[in-house]
> 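There's a structure below that I have some questions on.
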There are 2 protein chains.
Amino acid sequence: MATLRDVARLAGVSIGTASSALNQGRKVKDITRRKVLEAASVLNYRPNGVARDLKTQRTDTIVVFLHDLAGPFYSELIRGIQSVADERGYATIISRGGVGRQIAWTRFVVEGRVDGAIVLDPTVPDEVIRSTACSTLPIVLLDRTLATPYCLHVAADHEDGAYQITKHLLLSGLRRIAFVSGPIDSHDSSLRFRGYHKALSEFGINIDETLVFRGDFTERSGLLAARAILSHENLPEGIFAANDEMALGVLSGCEASGIKVPDQVAVVGFDDIAIASYVRPALTTVRQPMYELGGVAARSLFRAIDGEQDVSSQVLPTTLVVRDSSKRPSVNDTPMAQSV
Amino acid sequence: MATLRDVARLAGVSIGTASSALNQGRKVKDITRRKVLEAASVLNYRPNGVARDLKTQRTDTIVVFLHDLAGPFYSELIRGIQSVADERGYATIISRGGVGRQIAWTRFVVEGRVDGAIVLDPTVPDEVIRSTACSTLPIVLLDRTLATPYCLHVAADHEDGAYQITKHLLLSGLRRIAFVSGPIDSHDSSLRFRGYHKALSEFGINIDETLVFRGDFTERSGLLAARAILSHENLPEGIFAANDEMALGVLSGCEASGIKVPDQVAVVGFDDIAIASYVRPALTTVRQPMYELGGVAARSLFRAIDGEQDVSSQVLPTTLVVRDSSKRPSVNDTPMAQSV
DNA sequence: TAAATGAGTTGAAACGTTTTAATTTTGGAG
DNA sequence: CTCCAAAATTAAAACGTTTCAACTCATTTA
């Protein structure tokens with residue numbers, strides 16, 4: 001591979017001049033620049049990015065850590081991040097979870113091959129983040145909080161979303177509403193439970209422990225929860241699954257047991273994944289503003305990269321999406337959004 | 001940030017020794033190594049990856065270019081790639097299409113910030129790939145061919161998949177089968193058309209031009225195609241959409257017109273996206289072995305990185321997935337795979 | 001005419017590693 | 001105690017850029 005030295009030699013100038021000629025905005029005689037460009041073209045010269053990064057002490061690259069890529073969910077988030085990064089001329093690289101996560105974390109974050117990181121992956125241990133975060137490499141945490149001065153936080157308002165959707169059921173006249181939680185250590189799940197709890201309280205209803213079930217965010221766990229719920233001596237009127245995958249499982253469970261949704265029991269989820277609008281009955285759920293979340297996260301990150309000190313944490317509102325799975329025949333509810 | 005020099009100074013050894021002590025597998029007295037490790041820990045030393053990459057002339061990183069991340073489709077592919085990369089201790093970075101694609105391409109591929117690339121993104125111009133590919137940076141092309149000695153090719157057998165699914169319809173007794181294509185310049189779409197054509201030929205059927213419609217791989221275009229098809233004076237017995245999104249659009253179109261699927265018309269797609277099994281009737285389609293495709297692509301890439309000369313191109317078989325959307329009440333077909 | 005100006009260039013010093021040739025230390029063997 | 005090989009360490013040379021002080025040399029100014 002031809003290096004700058006080769007180009008300079010062929011063009012008959014010094015390395016410094018060759019460098020200046022190739023990077024515009026430096027004072028170089030027109031004739032000289034032409035000579036250098038010519039030489040570079042002849043040699044098919046490509047600048048070595050690694051050398052440049054070393055010298056300039058910046059990479060103009062940020063990394064996004066995701067747990068998994070499945071779902072337009074993350075796709076939207078990335079689009080939001082990229083739209084901001086593109087504007088600044090930064091490259092955005094995405095890294096998935098899994099075995100290689102550790103390799104990637106070390107390589108990019110710890111060993112400084114990027115200028116900043118955005119993390120939306122509950123499987124990255126707090127410990128790892130805390131030990132890495134320092135003033136030279138800002139990290140934005142999505143949907144998770146961590147007490148360290150070097151991390152910024154951006155999240156959707158899970159609690160409020162859960163509050164809204166529970167209230168939606170309550171306003172439809174339902175009172176006995178079951179909750180299917182995520183894993184015990186899921187921050188999101190507990191926030192959603194809190195919203196559920198808050199809405200019930202407002203209607204003067206106490207949590208009925210026999211109506212709270214534990215899932216693990218998988219469709220299968222939703223199915224199992226449905227079985228448990230439906231074997232309850234007295235059927236609840238509504239089921240709020242802490243995410244859509246589980247809600248799908250609940251729907252299957254109901255179908256299998258011959259329980260009519262929403263006539264006998266309303267089912268709602270959280271996240272608004274793509275399938276939610278395709279399944280029958282279409283699933284009522286809560287949409288997170290993924291694109292905006294990404295944009296806000298990226299903007300915060302860049303502010304930190306620019307050295308701004310106190311970038312504050314941010315919480316973005318969610319949207320209730322009412323579909324068929326919560327439509328009671330006779331009751332007027334007040335949908336805030338409607339979708340296919 | 002502390003550098004190796006700082007660590008060496010604090011430990012009272014030379015830089016070279018400090019380096020050896022930190023990278024195991026070098027001969028360093030135990031006591032010395034302990035001193036260095038101690039110093040590194042005190043200073044919270046983190047090696048500078050960029051400097052290392054420059055010196056060693058390798059990055060131990062590969063990049064995957066995708067058009068979009070939506071769909072478990074790509075997720076599977078990435079998993080396949082990563083499983084191989086992880087084994088070799090390589091980091092895998094993913095780059096999306098969009099405006100920033102050019103930035104990323106330049107930064108990673110052209111300026112050599114990775115050791116290899118896998119491209120599954122029809123929007124990267126041939127021209128760009130051709131001008132970048134050279135012996136120092138191997139590139140694996142997925143589902144696309146390009147005549148250049150430096151690129152490797154891996155693809156699913158689109159033609160055979162299309163052949164199989166068309167034959168499946170023919171074996172069910174259907175004869176008049178419409179085809180909804182993708183964009184005119186889509187390589188995949190033309191291969192699928194070829195398979196469709198081949199199956200028809202085998203049954204002695206000529207292509208009926210009035211049964212071939214152009215879509216653009218979007219659900220909406222499938223819906224439009226369905227309208228066009230259903231307004232045909234004489235309804236076809238089957239509709240083969242060149243991808244699942246369009247097939248979903250076709251299903252909506254049929255539903256809107258009150259046409260019963262599969263009783264009045266069978267509908268099949270291609271790709272086996274997640275929604276395919278959730279929609280009613282569940283969609284018959286062709287599954288591409290995305291995980292395997294990723295694994296094969298990664299293995300080929302590494303062989304090229306290792307300097308092996310003639311790594312051959314590979315084509316992987318697809319699988320027919322029969323679901324309800326093609327089940328004729330009275331006919332016995334021979335499903336090769338069955339799924340929920 | 002001499003001095004001042006300023007645009008172009010150059011050479012050398014970084015950036016933070018790894019690696020190798022050269023040098024020093026170590027621990028036996030004679 | 002001396003000498004020698006082996007082991008450990010060091011110093012310096014890369015890797016390929018960018019950047020900056022210093023320098024050249026033509027052009028203007030006094």
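Chain naming here is simple, since letters A, B, ... match the order of the sequence lines and numbering starts at 1 in each.
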> Are B:Asn23 and C:dT18 close enough that a side-chain N or O sits under 4.0 Å from OP1 or OP2?
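True: B:Asn23 side-chain N/O within range (under 4.0 Å) of C:dT18 OP1/OP2.
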
> Could you go through B:Val140 and B:Cys151, starting from their C-alpha distance and side-chain angles, then the distance that decides it, and tell me whether this counts as side-chain contact (heavy atoms from CB on, under 4.5 Å)?
CA-CA 6 Å; B:Val140 172; B:Cys151 286; over 6 Å; no

> Tell me whether the side-chain N/O atoms of A:Thr56 come closer than 4.0 Å to OP1 or OP2 in D:dT18.
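Result: no.
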
> What integer distance in Å separates B:Ile15:CD1 from D:dT10:C1'?
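In whole Å, D:dT10 C1' lies 11 Å from B:Ile15 CD1.
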
> Have a look at A:Val13 and say if it touches a base, only the backbone sugar-phosphate, or nothing, with a 4.0 Å heavy-atom cut-off.
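Sugar-phosphate only.
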
> Return the value, rounded to whole Å, for the distance between atom CZ of B:Arg33 and atom P of D:dT9.
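These atoms are roughly 10 Å apart.
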
> What's the CG-C1' distance between B:Leu22 and C:dT19, to the nearest Å?
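Whole-Å distance recorded here is 15 Å.
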
> Does one side chain, of B:Asn48 or B:Arg46, offer a donor that lies under 3.5 Å from an acceptor on the other?
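Not at all, the side chains of B:Asn48 and B:Arg46 share no donor-acceptor pair under 3.5 Å.
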
> So, does A:Arg52 get its side chain near the phosphate of D:dT18, meaning an N or O under 4.0 Å from OP1 or OP2?
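Checking A:Arg52 against D:dT18: at least one side-chain N or O falls below 4.0 Å of OP1 or OP2.
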
> Counting the atoms with a prime plus P, OP1 and OP2 as sugar-phosphate, which does A:Arg58 contact under 4.0 Å by heavy atoms, base, sugar-phosphate, or nothing?
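Since no nucleic acid heavy atom lies under 4.0 Å of A:Arg58, the category is nothing.
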
> Run the numbers on B:Asp53 and B:Thr61 for side-chain contact (heavy atoms from CB on, under 4.5 Å), then give the verdict.
CA-CA 10 Å; B:Asp53 291 349; B:Thr61 302; over 6 Å; no

> Among side-chain atoms of B:Thr17 and B:Ser14, is any donor-acceptor pair under 3.5 angstrom?
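The answer is yes; a qualifying pair exists.
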
> Closer to the 5' end of DNA chain D via nearest nucleotide, is it B:Lys29 or A:Arg5?
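Upstream on the strand: B:Lys29.
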
> Tell me what A:Thr3 touches on the nucleic acid: a base, only sugar-phosphate, or nothing, going by heavy atoms under 4.0 Å.
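Sugar-phosphate only.
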
> For C:dT17 and B:Ser19 - does any side-chain N or O of the residue sit under 4.0 Å from the phosphate oxygens OP1/OP2?
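For B:Ser19, the contact criterion (side-chain N or O under 4.0 Å from OP1 or OP2 of C:dT17) is not met.
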
> More 5' along DNA chain D: B:Thr32 or A:Asn48, using each one's nearest nucleotide?
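Result of the comparison: B:Thr32.
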
> From CG of A:Leu54 over to P of D:dG16, roughly how many Å is that when rounded to an integer?
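Value for this atom pair: 12 Å.
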
> May I ask you to say what A:Val50 touches in the nucleic acid, namely base, sugar-phosphate or nothing, with a heavy-atom cut-off under 4.0 Å?
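Contact class for A:Val50: none.
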
> Salt-bridge test for B:Asp121 and B:Arg101: reply yes if a basic N is under 4.0 Å from a carboxylate O, no otherwise.
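B:Arg101 and B:Asp121: salt-bridged.
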
> Would the base of C:dA14 count as contacting A:Lys55 through its side chain, where contact means a donor and an acceptor less than 3.5 Å apart?
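Answer is yes: a donor-acceptor pair is held.
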
> May I ask you to evaluate whether B:Ser14 reaches the phosphate of D:dT9, defined as a side-chain N or O under 4.0 Å from OP1 or OP2?
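Answer no for this pair, as no side-chain N or O of B:Ser14 is under 4.0 Å from OP1 or OP2.
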
> Within this structure, what is the CZ-to-C1' distance between B:Arg26 and D:dT9, rounded to whole angstrom?
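Atom CZ in B:Arg26 sits about 12 Å away from atom C1' in D:dT9.
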
> Between C:dG16 and A:Gln57, is there an OP1 or OP2 to side-chain N/O distance shorter than 4.0 Å?
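Looking at the OP1 and OP2 atoms of C:dG16, one of them is under 4.0 Å from a side-chain N or O of A:Gln57.
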
